[in-house]
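So the structure is just underneath, and the comments pick up after that.
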Amino acid sequence: MSSNKSKVAIIGTGFVGASAAFAMSLSQITSELVLIDVFKDKAEGEAMDINHGLSFLGQMSVYAGDYSDCKDCDVIVVTAGANRKPGETRIDLAKKNVAIAKEITANIMKHYTKGVILVVANPVDVMTYMIQKWSGLPEGKVFGSGTVLDSVRFRHLISSKLDVDVKNVHGYIIGEHGDSQLPAWSATHIAGVKMDDYCEEGKISITDEDKAAIMEDVRKAGAEIIKKKNATYYGIAVTINAIVESLLKNQKTIRTVSTVINNKFGINDVALSLPAILTSDGVRSLIDLPLTDKEIADLQNSANALKIILDEVKDI
Ligand code: NAD
């Protein structure tokens, strides 16, 4: 059993929510896990299924509940929301999921006593912004999974290209969790050495085309998986588990979560991803990356792309 008493709620037990619950049962990260879904049968079925496996894993309380169970949660994970259907625009999806998020936020806040809200449903930056505003909670207490998974994919591709352990690759995808995201190449290091210097010293060829290809692979990874198997859930499930672990254990891990940004790189009043220190209270602070002028301009473009969607949904 997880050594410390902790309580996590997952709202939305579809592919992502159920896989995250399963990941948490494997890691035994929390002593209590409540599953909430508009289709109660789905949440109950997932809880039963996970409970049967728990005999091999450890003691943990996993059950289907309702919003009153958000009381006393350390972390509330929001994965409820539809995926984009063929022919549907990003704005259509945003409108649909933001409407769901409004109802969910009101329900959470009726019973909220403490804890952080981790938003995963897409478009995650827009959902994070709206849920933070509607909840009235401090900005650091509501944040999104943002580009955490994109950053892991980025590091993985660099590690393959340079043939070095991914644990020694530090690099971040910042901005939108979506098309306008960008790699912070200027802050990409291998064992403390700037990536370009590392490649030069090691006589490793990495051209601008190679970098563009890495970025394109990161950007398209989600869509590529959806094309092959209709949804993505294992990668994000493990990502959610890792973020929850950082929070519950107060690990002060730095991750590119999505938070409401003000007075950073000339960007205000929008949620997007930058490296942030995570404590049990949520986002403690953001890391000031030494971005180039071009990277700052690209980050500002990413913020502007998000603001266009926010303008469409803010009156929902
Ligand atoms: P899904 O359709 O399998 O599951 C969604 C679940 O939400 C369903 O069980 C549904 O009943 C539930 N739900 C809908 N409305 C609800 C409400 N009002 N209250 C409670 N529950 C409600 O979808 P999925 O594949 O699990 O994806 C969920 C979301 O996660 C999507 O928005 C998807 O785009 C997003 N996602 C995000 C990332 C990321 O990196 N941020 C990665 C993968 C998926």
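Side chains included, hydrogens not; waters and symmetry mates left out as well; all remaining heavy atoms used. For reference, positions follow the sequence shown, starting with 1. Counting convention: from 1, in listed order, for ligands and their atoms alike.
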Taking atom 29 (C) of ligand 1 as the point of reference, which of Ile10, Val16, Thr79 owns the nearest heavy atom?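 It is Thr79 that holds the nearest heavy atom.
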
Among Ala80, Ala43, Ala18, whose heavy atom sits nearest atom 22 (C) of ligand 1?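 Answer by nearest heavy atom: Ala80.
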
Which atom of Ala121 lies closest to which atom of Ala80, heavy atoms considered: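 Minimum heavy-atom contact is CB-O, 3.3 Å.
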
Can you give me the closest heavy-atom contact between Leu310 and Met130, atom names plus distance?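 That would be CD2-SD, 3.9 Å.
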
Atoms in ligand 1 flagged as close to [X], the criterion being non-hydrogen separation under 4.0 Å:
X	value
Phe39	11 (O)
Thr13	9 (O)
Asn97	32 (O)
Tyr67	19 (N), 20 (C)
His177	39 (C), 40 (O), 41 (N)
Ser145	41 (N)
Thr232	42 (C), 43 (C)
Ala82	31 (C), 32 (O)

Does an N or O from Leu149, backbone or side chain, lie closer than 3.5 Å to an N or O of ligand 1?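 Between Leu149 and ligand 1 (N or O atoms, distance only) the closest approach is not under 3.5 Å.
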
For the CD1 atom of Ile309 and the NZ atom of Lys314, what is their distance to the nearest 0.5 Å?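 Interatomic distance, Ile309 CD1 to Lys314 NZ, rounded to 0.5 Å: 13.0 Å.
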
Just how far is it from atom CG of Asp150 to atom CD1 of Ile174, taken to the nearest 0.5 Å?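 Result: 12.0 Å between the selected atoms.
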
So which protein heavy atom does [atom] come closest to, and at what separation?
atom	answer
atom 5 (C) of ligand 1	Gly81 O, 3.4 Å
atom 41 (N) of ligand 1	Val120 O, 3.0 Å
atom 16 (C) of ligand 1	Val38 CG1, 3.7 Å
atom 32 (O) of ligand 1	Asn122 N, 3.0 Å
atom 33 (C) of ligand 1	Asn83 OD1, 3.1 Å
atom 30 (O) of ligand 1	Ala121 CA, 3.8 Å
atom 12 (C) of ligand 1	Asp37 OD2, 3.3 Å
atom 3 (O) of ligand 1	Phe15 N, 3.0 Å

For Ser6 and Thr30, run side chain to side chain donor-acceptor pair (under 3.5 Å): C-alpha distance rounded to whole Å, both residues' side-chain angles, the deciding distance at 0.1 Å, then the answer. CA-CA 5 Å; Ser6 56; Thr30 181; 3.0 Å; yes

Looking at Asp49 and Gly45, would you say the former's side chain and the latter's main chain have a donor-acceptor pair under 3.5 Å?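 Side chain of Asp49 to backbone of Gly45: no pair is present.
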
Verify, without hydrogens or angle tests, whether Gln132 (side chain) and Leu137 (backbone) share a donor-acceptor contact under 3.5 angstrom.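 Yes: the side chain of Gln132 pairs with the backbone of Leu137.
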
Is the shortest heavy-atom distance from the side chain of Met195 to the side chain of Leu162 under 4.5 Å?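 The answer is yes, as the side chains (C-beta and beyond) meet within the 4.5 Å cut-off.
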
Classify the angle between the aromatic ring planes of Phe15 and Tyr233 as parallel (below 30°), tilted (30 to 60°) or perpendicular (above 60°).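 Plane angle under 30°, so parallel.
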
Option among Glu44, Met48, Lys42 that satisfies the side chain to side chain contact (heavy atoms under 4.5 Å, CB included) test with Glu46: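 The option that passes is Lys42.
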
Proximity flag Tyr234 to ligand 1, non-hydrogen atoms under 4.0 Å: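 No, Tyr234 has no heavy atom closer than 4.0 Å to ligand 1.
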
Salt bridge present between Asp217 and Arg153 (N-O < 4.0 angstrom):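 Result for this pair is no, no salt bridge flagged.
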
Salt-bridge test for Lys294 and Asp298: reply yes if a basic N is under 4.0 Å from a carboxylate O, no otherwise.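 A salt bridge is present here (some side-chain N lies under 4.0 Å from a carboxylate O).
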
